[in-house]
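Data first, discussion second: the structure below is written as structure tokens.
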Amino acid sequence: MVDIVEPSVRSRMMSQIRNRDTKPELAVRKALHRRGFRYRVNVRSLPGTPDIVFPKWGAVLFVHGCFWHRHPGCQKATYPSSNTEFWEQKFRQNIERDERNLQALLSIEWRVGILWECVVGKFPSEELSNSLESFLTGGQPKVQTFE
């Protein structure tokens, strides 16, 4: 299928996609703040610039977009039908970068939580909020994916 907009228009559209303060990220931050958690956001001194950092608990959270980070089995993780080589390489690099950042954070003793945007929705469920709280305060495991 051919793109229906000019390349310059597509480029402008893609450049406006946010990489911080996304709706799912803001929803998670708001839910955790209501539960009394205090955090820092987008800490550039840590590998991967985690979305939400909890220094008191030695934990970070990444709120991954299903499309960009390739959530396995998710209907939002579609492949564009044009320029497929570019997209395959882009997605592969994103996945490799995510894994490098995860290993780097683990090597410096941070615990890592990964949330997928489709799980968060418009606002995290009570069950998800409870799971996040348990992860943050429990000290284990080193890596947890919330699906």
Side-chain angles (χ1 to χ4, degrees), residues 7-8 10-147:
S8 61
R10 176 66 60 206
S11 179
R12 181 179 48 80
M13 290 167 62
M14 296 303 283
S15 73
Q16 292 176 342
I17 295 174
R18 299 166 68 121
N19 66 350
R20 59 176 51 188
D21 297 333
T22 62
K23 288 180 183 180
E25 183 184 332
L26 292 173
V28 169
R29 287 175 11 200
K30 187 175 184 179
L32 291 173
H33 192 272
R34 275 197 184 132
R35 288 178 175 239
F37 287 96
R38 298 303 177 254
Y39 47 79
R40 294 175 54 205
V41 296
N42 304 113
V43 177
R44 295 179 69 184
S45 61
L46 291 174
T49 311
D51 298 319
I52 310 170
V53 179
F54 301 87
K56 177 179 179 178
W57 304 103
V60 301
L61 293 177
F62 287 99
V63 183
H64 282 339
C66 297
F67 176 78
W68 294 105
H69 297 270
R70 311 313 301 158
H71 186 192
C74 180
Q75 65 183 13
K76 293 182 178 186
T78 61
Y79 277 91
S81 57
S82 62
N83 205 3
T84 56
E85 287 181 25
F86 166 81
W87 286 108
E88 287 174 7
Q89 179 181 358
K90 172 69 175 163
F91 294 145
R92 186 175 54 255
Q93 289 172 340
N94 286 355
I95 292 167
E96 290 169 357
R97 184 192 62 227
D98 289 344
E99 183 60 29
R100 279 193 313 272
N101 291 333
L102 172 65
Q103 294 307 318
L105 284 164
L106 292 174
S107 73
I108 56 175
E109 302 298 317
W110 283 90
R111 292 180 305 114
V112 180
I114 299 169
L115 288 97
W116 292 100
E117 74 172 313
C118 64
V119 175
V120 175
K122 292 187 185 288
F123 197 77
S125 67
E126 191 69 22
E127 181 183 338
L128 177 59
S129 295
N130 290 339
S131 295
L132 288 169
E133 185 172 347
S134 294
F135 167 72
L136 292 171
T137 60
Q140 289 294 327
K142 291 291 183 186
V143 178
Q144 185 166 346
T145 302
F146 298 89
E147 298 189 80

I want to check something: taking the side chain as every heavy atom from C-beta on, are Lys56 and Phe37 in contact at a cut-off of under 4.5 Å? no
Do the side chain of Arg38 and the main chain of His33 share a donor and acceptor less than 3.5 angstrom apart? yes
With a 4.5 Å limit on heavy-atom distance, are the side chains of Phe146 and Ser131 in contact? yes
Distance from Asn101 atom CG to Thr49 atom OG1, nearest 0.5 Å? 8.0 Å
If I compare all heavy atoms of Ala27 with all of Phe123, which pair ends up nearest, and what's the gap? O-CE1, 4.0 Å
Compute both the distance and the angle, then confirm whether Arg29 meets the cation-pi test with Tyr39: under 6.0 Å from the six-membered ring centre, within 45 degrees of the axis. no
Counting neighbours of CZ on Arg44 that are heavy atoms of other residues, nucleotides or ligands and sit closer than 6.0 Å, is the number greater than 12? no
Looking at side-chain heavy atoms only, is the closest gap between Pro47 and Ile108 below 4.5 Å? yes
Would you say Leu102 and Phe62 make side-chain contact, with heavy atoms under 4.5 Å? no
Rounded to the nearest 0.5 Å, how far apart are CD1 of Ile52 and CG of Leu115? 7.5 Å
Before giving the answer on side-chain contact (heavy atoms from CB on, under 4.5 Å), spell out for Phe54 and Arg111 the whole-Å C-alpha distance, their side-chain angles and the decisive distance to 0.1 Å. CA-CA 10 Å; Phe54 301 87; Arg111 292 180 305 114; over 6 Å; no
Could you go through Leu32 and Leu136, starting from their C-alpha distance and side-chain angles, then the distance that decides it, and tell me whether this counts as side-chain contact (heavy atoms from CB on, under 4.5 Å)? CA-CA 10 Å; Leu32 291 173; Leu136 292 171; 4.2 Å; yes
For the student: nearest non-hydrogen atoms of Val53 and Pro50, plus distance: CG2-CB, 3.8 Å
Whether the His71 and Glu117 side chains hold a donor-acceptor pair (N or O, under 3.5 Å, no angle test) is what I'd like checked. no
Ionic contact status for Arg92 with Glu85, cut-off 4.0 Å: no
Could you state the interatomic distance from CD1 (Ile114) to CZ (Phe135), rounded to the nearest 0.5 Å? 9.0 Å
With Phe91 via ring-ring contact (aromatic ring centres under 6.0 Å, His included) - residues at least two apart: Phe67, Tyr79, Trp87
Shortest non-hydrogen contact from Pro55 to Trp110? CA-CH2, 4.0 Å
So which heavy atom on Val63 is nearest to which on Glu25, and how close? CG1-N, 3.9 Å
Flag side-chain contact, heavy atom, 4.5 Å: Asp51 against Leu61: no
When rounded to the nearest 0.5 Å, the distance separating CD of Gln89 from CG of Asn83 is 10.0 Å
Not counting sequence neighbours, list each pair that qualifies as a salt bridge (charged side-chain N to carboxylate O under 4.0 Å, His left out) and has a residue in residues 95-110. Glu109-Lys142
Please name the pair of heavy atoms, one in Trp116 and one in Pro72, separated by the smallest distance, quoted to 0.1 Å. CZ2-CD, 4.4 Å
Does atom CZ of Arg40 have more than 12 heavy-atom neighbours, drawn from other residues, nucleotides or ligands, at distances under 6.0 Å? no
